[in-house]
Amino acid sequence: MNKNRKYLVTAALPYANNFIHIGHIAGAYLPPDIFVRYKRLIGEDVIFISGSDEHGTAIEMASITEKISPREIIDRYHFANQKAFKDLGINFDIYSRTSNKIHHETAQEFFLNIFNKNILIEKTEKQLFSEKENRFLADRFVTGTCPVCGYEEARGDECPNCGSNLSPLELINPRSKITGDIPLVKESTHFYFPLGDFQNDLSDWLNGKKGWKQNVINYCKGWLKAGLRDRAISRDLDWGVKIPLKGYDGKVIYVWFEAPIGYISATKELFIERNEPEKWKDYWQNKDTKLIHFIGKDNIVFHSIIFPAMLMAHGDYILPDNVPANEFMNIGGEKLSKSKGNGILVKDITEKFSPDVIRYTLSSNFPETKDSEFTWKDLQVKNNSELAGILGNFVNRTVVFAKNKFDNKIPDLNKLSPADEVIFNYFKSQSGKLDELYDSFRFREALHNTMDCARAANKYFNDNEPWKSVKTDPEKCGSVIRVCLELCHSIAILINPFLPFTSEKILRILNVTDKDLKWQNIGKTVLVTGNSLGENMILFPQIEDSEIQKLEQQLEDGESVKSAPTHKALPQGIITVEDFKKVSLKVARVIECVPVPKSKKLLKLKLKIGDSEKQIVSGISEYYKPDELIGKLIVVVNNLVPSKLMGVDSDGMLLAAKLNGELRIVTIDGDIETGADVN
RNA sequence: GCCGGGAUAGCUCAGCUGGUUAGAGCGUCGGAAUCAUAAUCCGUAGGUCGGGGGUUCAAGUCCCUCUCCCGGUACCA
């Protein structure tokens, strides 16, 4: 192993406008923590960097809507998330933040470096300018009428109704979202990063990469194939890193460009704290350092295309050695997305379960090759039958035995029996296998192999039956228990990357320090005959069904769309009566019907349903004239979530049959009161 | 609609460049043991690898097609 090699490990910078949830942890934070802990056990030089990403329109917007300063927003999430990581034992060397001065300086230096090399392109474009605020308005700060659908609250970047991509200049009657005043059109200059210029270099660089995960490679190839385009790297915004040039007041560096530089700033900050202000260069400017970015798949393009291109442009820094991106972890079949608000937040789960139980459950099901699923039931099963049953039980039965039969002291071990040799050798060979697994980022399999050691230890205990030999051959019994105690110590090393808290507890139970907590000591004897053991404790208390049921219930209540497989093993596409009953079908009479202006297919219908009236929009004007429909009795889905089509409210859907370009509306045979249920 | 990614034992997941009887953990069932948190150990059963077609001496693994699910995109009966 190359002794000079250093590792610079980063975890994605979480955006400071939300709380971290367990999907993030499984994707981008726990894997690097495990990796780093392993590397330290084998004695490698590693630093582990992350921090909050604290700039950008979303945060400035949030500060405006909540009527507090951006600083208050980012403080709230930065400190909460910092604590969340700590509670889970995710130990960054530094968890910095991009609002720090050193980051602003570093990002500006980076910008100037490539600006001075004439790499950046300047483009002047027309943009909306607010006189009242004396600044240009970023896309999201403009609101107005959508030119496509007529919706009056369209945003500058897109219309939330019809989904059209817009530019603020296209809006009819644009207004500032902040002050409401009417902006002027002025010319504004922006910088662009010519990504396309790096296409070939990136391509060559990526092609030379060995051992990258297939999903990452595929994703990059897709981008390269589509061709890389210039990307704006400045924005008209207050909240961010200022463009360090004269004449660019009110402009900041676009957050996508500035945020990843945060990895560099954070490294600088770390070594300033350590009183070695130049040492960061040993990592960022040292060809022997391996830079590894742990991220979720949504971040692949930034870490394997854009940031490397930036680093190439700058020239003084190393490029990533690997970008082991994970997929997503879902919950109950739903994506753990912060925008949907249905994730399990770290701050909530750590109140209920110990960090190692959470770490174990997530690790055993990391989304390494595809999206994976988290369930509370799974957490319970993992705790009760694996952690408690296999690992906790082995430590406990060994220590209790020593306590009861050997006065809580470590018995002697004279000569290793063949069985002792076998178990120690097994541990050693497992540790070798684990080396490969860790280095190829296969943590799930690594955990499995780690647990195999605990299984083997239990088997050793069973096979050697110390409860029998204690009566017939106390010396032999003592050596068996001694071996088991040594195995406990080895297990403390083996599980350390995954279960650091438990690892430490085992050391305390064995009454030893962490001086022998080294990878090379796996399968070796390190304890001292005659020393007393510490106080025993139950490592993993059982988790009761009732506790899990409560959490499952909460999840279901909190999220109505959760797919609850009450009837399992139904053939695909088959639904239950309950499923069907969710749909409320009603008879309705068409009382008004007009085309939606500018639309090709849409008709707006006013319906009478019992005593109420409602409006729906239907894409049937190619088949029916408005007049044909008035007075007809039709069937509508009455409990559909309301939506807007081209800016027109639609609160339901009519039923129609369609085949090969023919479309016929479902009508009622004879007369019946509107509002009647259809089933 | 289009572009990606999926669909493998009851559950959660492995299966790299195609190669002997398709794997693991947990769960099930049976047995052994009783030191231990009713925790362990051994053994058993379980899959026509989403459906259909094709290439090949040989396909879960390659090609075509269909169905369903998940992302991204799109004026959605």
A/Asp452 atom CG is separated from B/rA24 atom C1', nearest whole Å, by 9 Å
Residues passing the ring-ring contact (aromatic ring centres under 6.0 Å, His included) test with A/Phe401, sequence neighbours excluded, are none
P-based separation of B/rC63 from B/rU55 [nearest Å]: 15 Å
Assign each of A/His448 and A/Leu387 the nucleotide of RNA chain B bearing its closest heavy atom; nearer the 5' end lies the nucleotide of A/His448
Fill in: Ring centroids of A/Trp467 and B/rC35 base under 5.5 Å with planes under 30°
yes
By ring-ring contact (aromatic ring centres under 6.0 Å, His included), A/Phe35 pairs with (sequence neighbours left out) A/Tyr7, A/Phe294, A/Phe441
Here the distance between atom C1' of B/rA36 and atom CD1 of A/Ile481, to the nearest Å, is 11 Å
Here the distance between atom P of B/rC13 and atom CD of A/Glu445, to the nearest Å, is 16 Å
Atom CZ of A/Phe401 and atom C1' of B/rA36 are separated, to the nearest Å, by 10 Å
Does a side-chain N-to-carboxylate-O contact under 4.0 Å join A/Asp371 and A/Lys297? yes
Rounded to whole Å, the CZ-C1' distance (A/Arg444 to B/rG23) equals 14 Å
Regarding the side chain of A/Phe540, the nearest nucleotide among B/rC35, B/rG25, B/rU37 is B/rU37
Verify, without hydrogens or angle tests, whether A/Asn383 (side chain) and A/Leu379 (backbone) share a donor-acceptor contact under 3.5 angstrom.
no
From CG of A/Asn383 across to P of B/rC26 the rounded distance in Å is 14 Å
Exercise for the section: Please step through side-chain contact (heavy atoms from CB on, under 4.5 Å) for the pair A/Val637 and A/Leu655, ending with a clear verdict. Expected result: CA-CA 8 Å; A/Val637 180; A/Leu655 298 188; 4.1 Å; yes
The side-chain hydrogen bond (donor to acceptor under 3.5 Å, both in side chains) partners of A/Tyr460 (sequence neighbours excluded) come to A/Asp420
Expected string for nucleotides 38-46 of chain B under the B/S/- scheme (protein heavy atoms, under 4.0 Å, primed atoms plus P, OP1, OP2 as sugar-phosphate) is -SBSS----
Given the 90°-from-0 boundary between syn and anti, B/rG46 should be labelled syn
Review point. With a 4.0 Å cut-off on heavy atoms, is A/Lys468 in touch with a base, just the backbone sugar-phosphate, or nothing at all?
Key: sugar-phosphate
Between the protein and nucleotides 4-6 of chain B, list every N/O to N/O distance that falls short of 3.5 Å.
none

- Cation over ring face, A/Arg359 and A/Phe498, 6.0 Å, 45°: no
Take atom C1' in B/rC76 and the same atom in B/rG10, then report the distance between them in whole Å. 38 Å
Open item on the list: Counting the atoms with a prime plus P, OP1 and OP2 as sugar-phosphate, which does A/Ser618 contact under 4.0 Å by heavy atoms, base, sugar-phosphate, or nothing?
Closed with: sugar-phosphate
Across all chains, not counting sequence neighbours, the side-chain hydrogen bond (donor to acceptor under 3.5 Å, both in side chains) partners of A/Ser503 are A/Asn496
Winner on side-chain proximity to A/Val400, out of B/rC13, B/rA24, B/rC35, is B/rC35
Rounded distance in Å between the P positions of B/rU12 and B/rA59:
29 Å
A/Tyr624 meets the side-chain hydrogen bond (donor to acceptor under 3.5 Å, both in side chains) criterion, sequence neighbours left out, with none
Applying ring-ring contact (aromatic ring centres under 6.0 Å, His included) to A/His489 and not counting sequence neighbours gives none
Sorted by chain and number, sequence neighbours left out, side-chain hydrogen bond (donor to acceptor under 3.5 Å, both in side chains) with A/Gln615 holds for none
B/rG5 and B/rC62: how far apart are their P atoms, nearest whole angstrom? 12 Å
Residue set satisfying ring-ring contact (aromatic ring centres under 6.0 Å, His included) with A/Trp467, at least two apart, ordered chain then number -> none
The salt bridge (Lys or Arg N to Asp or Glu O under 4.0 Å) partners of A/Glu465 (sequence neighbours excluded) come to A/Lys468
Regarding A/Ser372, tell me which of base, sugar-phosphate or nothing describes its non-hydrogen contacts under 4.0 Å with the strands shown. sugar-phosphate
- Can you tell me how far P in B/rG25 sits from the matching atom in B/rA33, rounded to whole Å? 24 Å
**Prompt:** Expressed in whole Å, how much space separates the C1' atoms belonging to B/rG51 and B/rG4?
**Reply:** 22 Å
Legend entry - B/rG72 and B/rU65, which share atom name P, separated by this distance in whole Å: 25 Å
Rounded to whole Å, CE of A/Met451 lies from P of B/rU12 at a distance of 20 Å
Secondary structure of RNA chain B per the Watson-Crick/G-U criterion (both distances under 3.5 Å; [ ] crossing, | other strand, . unpaired) is (((((((..((((.....[...))))..((((.......))))......(((((..]....))))))))))))....
Distance between C1' atoms of B/rG19 and B/rA58 (Å, rounded): 6 Å
Taken to the nearest whole Å, CD1/A/Ile509 to C1'/B/rU37 is 13 Å
